[in-house]
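All residue numbers refer to positions in the sequence shown, counting from 1. Just so it is clear, the values below take in all heavy atoms, side chains as well, and ignore hydrogens, waters and symmetry mates.
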Amino acid sequence: MAKLYFRYGAMNSGKSTSLLQAAYNYEERGQRVILAKPIIDTKGDRTIVSRLGVAREVDVVIGPATDVVTLIDNEVDRVAREGKGAPACVLVDESQFLSPRQVDDLFIIAVRRGIPVLAYGIRTDFQTVAFPGSRRLLEIAHSVEELKTICRCGKKAVFNARKANGQFIFDGAQVAIDGVDVTYESLCGDCYLDESGGRLASGYQPAGQVSELSGPDSDFS
């Protein structure tokens, strides 16, 4: 049975690079892939851009109201008419911007259409709150994998702190595109609390439990 995979990480953990590498690996073996991204991600327009400088145009873009099953079915039919064979997988960048219903569509594509789906994205926003798409992926994906990166202090980065004009900010809309509207820095829990004044920006701060986020991190390798 084909599966839905969710590969997540903080900013600059190599998600887009990993996706493009996966596409290359499939195609090197003569297999066809379908690349997709949400239209809300205006960085690069219809292109997936990795911070290493590798870029590639997607096959389809997903709008806020797009039926993703129909979108992929149509793309599969188009590829078949061109004699390019059935796709070996669907690769989705910035999957945190999908709606929960669209994530369910990815699950249906994997299970009912028999096409593996690899979704890449960020787990939480700059206020440490899960994106709706990421939350649904964590709930239903067959396989969940964390792509790791490091904070400026050397610990594993887990949060995505937002900057405007070089200063950290902790209020605003959930979606602001990196490099277009604002910039981001990946931080460990300790450094995030330092910049936010000792609180989680979501406003949730259990009394006496802040120190739990700032202990030694032995999970990073």
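Summarising the geometry, atom OG1 belonging to Thr128 is positioned 9.5 Å from atom CZ belonging to Arg199; distances are rounded to the nearest 0.5 Å. Considering CG of Leu147 and CG of Asn12, their distance stands at 12.5 Å, rounded to 0.5 Å. Ile122 CD1 to Asn160 CG: the interatomic distance, rounded to the nearest 0.5 Å, is 5.0 Å. The distance from the CG atom of Leu106 to the OG atom of Ser95 is 7.5 Å, given to the nearest 0.5 Å.
Residues satisfying the salt bridge (Lys or Arg N to Asp or Glu O under 4.0 Å) criterion with Asp194, sequence neighbours excluded, are absent altogether.
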Handout entry: Ile72 and Ile34: CA distance, side-chain angles, deciding distance, side-chain contact (heavy atoms from CB on, under 4.5 Å) verdict
Key = CA-CA 8 Å; Ile72 297 302; Ile34 295 175; 4.1 Å; yes

Exercise for the section: Take Ser134 and Thr124 through the test side-chain contact (heavy atoms from CB on, under 4.5 Å) and record every step on the way to the result. Expected result: CA-CA 8 Å; Ser134 298; Thr124 58; over 6 Å; no

Exercise for the section: Apply the test side-chain contact (heavy atoms from CB on, under 4.5 Å) to residues Leu35 and Asp93: give CA-CA distance (whole Å), side-chain angles for both, the deciding distance (0.1 Å), then the verdict. Expected result: CA-CA 8 Å; Leu35 270 64; Asp93 198 28; over 6 Å; no

Practice task
Just do the ring pair (Phe, Tyr, Trp, His ring centres under 6.0 Å) check on Phe97 and Phe131 with the steps written out, would you?
Solution key: CA-CA 7 Å; Phe97 296 139; Phe131 285 96; 5.8 Å; yes

Exercise for the section: Verify side-chain contact (heavy atoms from CB on, under 4.5 Å) between Cys153 and Cys188, making sure each step is shown before the conclusion. Expected result: CA-CA 8 Å; Cys153 69; Cys188 69; 3.6 Å; yes

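Applying the 6.0 Å contact sphere to CZ of Arg101 captures no more than 12 heavy atoms from other residues, nucleotides or ligands. More than 12 heavy atoms of other residues, nucleotides or ligands shown are found within 6.0 angstrom of CG on Asp77. Annotation: Ile140, atom CD1; neighbour count of heavy atoms from other residues, nucleotides and ligands within 6.0 Å is above 12.
Side-chain atoms of Arg29 come within 3.5 Å of backbone atoms of Asn25 as a donor-acceptor pair (strictly under, hydrogens ignored). Put simply, the side chain of Glu27 never gets that close to the backbone of Val33: no donor and acceptor are under 3.5 Å apart.
Residues Arg32 and Glu75 are paired through a salt bridge, judged by an N-O separation under 4.0 Å between the basic side chain and the carboxylate. With salt bridges taken as basic N to acidic carboxylate O contacts below 4.0 Å, one links Asp190 and Lys155. The pair Lys156-Glu146 counts as a salt bridge, with a side-chain nitrogen and a carboxylate oxygen less than 4.0 angstrom apart. Using a cut-off of 4.0 Å between Lys/Arg side-chain N and Asp/Glu carboxylate O, Glu94 and Lys37 are scored as not salt-bridged. A salt bridge does not link Glu145 to Lys15: none of the charged side-chain nitrogens sits closer than 4.0 Å to a carboxylate oxygen. A salt bridge links Arg78 to Glu82: at least one charged side-chain nitrogen sits closer than 4.0 Å to a carboxylate oxygen.
For Tyr192 and Phe170, the distance between ring centers is under 6.0 angstrom. Proximity of the aromatic rings of Phe6 and His142 is defined here by a centroid distance below 6.0 angstrom, and this criterion is not met.
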Check residues 108-118 and write down every donor-acceptor pair under 3.5 Å in which the side-chain atom is one partner and the other belongs to a residue at least two apart or another chain.
| unit_1 | atom_1 | unit_2 | atom_2 | d |
| --- | --- | --- | --- | --- |
| Arg113 | NE | Asp73 | OD1 | 2.9 |
| Arg113 | NE | Asp73 | OD2 | 3.4 |
| Arg113 | NH2 | Asp73 | OD2 | 2.9 |

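No side-chain donor from either of Ser13 and Thr149 sits under 3.5 Å from a side-chain acceptor of the other.
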